[in-house]
Amino acid sequence: MATFSCKQESADTLVLSGDLVFATSENARQVTNACLDALKGNAVVDFSGINRVDSSALAYWLSCLRVAEQSNAVLEARNFPDEMVQMAELVGISATRIWK
C-alpha cells in the first residue's frame, strides 16, 4: 500500500498521492486539513497521484468539502478518480456536489 501524502504545489493547489483507502483515510483527513489550513482559502485539490480508492475516499472528500465550507472556502477537484464518481452516483450523490 502506498502511503498517502498531500503537498502544496502552488499558492492554491494541493496534490494528493498514494492510496486513499480505509487504512489511510483518517491520516489523509488530518494531513489534508493541515494543508488546507496553511492555504487559508479556496483551493484546487489534484487527485492525479492517487493510486487506489475505496468507499472511504468518497467520505474523505465529503469531509474535506465540509471543512472548507465551514471556513467559507471552496475546493475544486482536479483529476477526480472515476471510481469515486461511480461510488457517488451509486449512493445518490450528484456529481456536481462532489466537484464544487
Decide yes or no for S56 and L58: does some side-chain heavy atom of the first lie under 4.5 Å from some side-chain heavy atom of the second?
no
Distance from L16 atom CG to C6 atom SG, nearest 0.5 Å?
5.0 Å
Looking only at heavy atoms, which two atoms of N79 and S48 are closest? And how far apart?
ND2-CB, 3.5 Å
Ignoring hydrogens and angles, tell me if any N or O in the side chain of D19 forms a donor-acceptor pair with the backbone of V21 under 3.5 Å.
no
What residues, two or more places apart in sequence or in another chain, satisfy side chain to side chain contact (heavy atoms under 4.5 Å, CB included) together with S5?
K7, S17
Min side-chain heavy-atom separation F47-V53 under 4.5 Å:
no
Hey, does V45 have a side-chain heavy atom less than 4.5 Å from the side chain of E76?
no
Taking the side chain as C-beta and beyond, is there a heavy-atom pair between W61 and L20 under 4.5 Å?
no
For E26, all residues meeting salt bridge (charged side-chain N to carboxylate O under 4.0 Å, His left out), sequence neighbours excluded:
R29
When rounded to the nearest 0.5 Å, the distance separating OG of S71 from CG of L39 is 11.5 Å
Rounded distance [0.5 Å steps], OG in S55 versus CD in E83:
12.5 Å
Take atom CG in D37; do more than 12 heavy atoms of anything else shown fall under 6.0 Å from it?
yes
Any chain of hydrophobic side-chain contacts (each under 4.5 Å) joining M84 to L65?
yes
For L75 and L36: C-alpha separation, side-chain torsions, deciding distance, then whether side chain to side chain contact (heavy atoms under 4.5 Å, CB included) applies.
CA-CA 9 Å; L75 298 184; L36 290 170; 3.6 Å; yes
Checking side-chain polar atoms at under 3.5 Å, does T32 have a donor or acceptor matched by the opposite partner on Y60?
yes
Backbone N/O of F22 and side chain of D54: donor-acceptor pair under 3.5 Å:
yes
Is there a path of hydrophobic side-chain contacts, each under 4.5 Å between heavy atoms, that joins V85 and L90?
no
Hey, quick one: are V31 and L62 part of the same hydrophobic cluster, counting side-chain heavy atoms closer than 4.5 Å, chains of contacts allowed?
yes
Looking at side-chain heavy atoms only, is the closest gap between T24 and N27 below 4.5 Å?
no
What I'd like to find out is whether the side chain of T13 reaches to under 4.5 Å of the side chain of R78, using heavy atoms alone.
yes
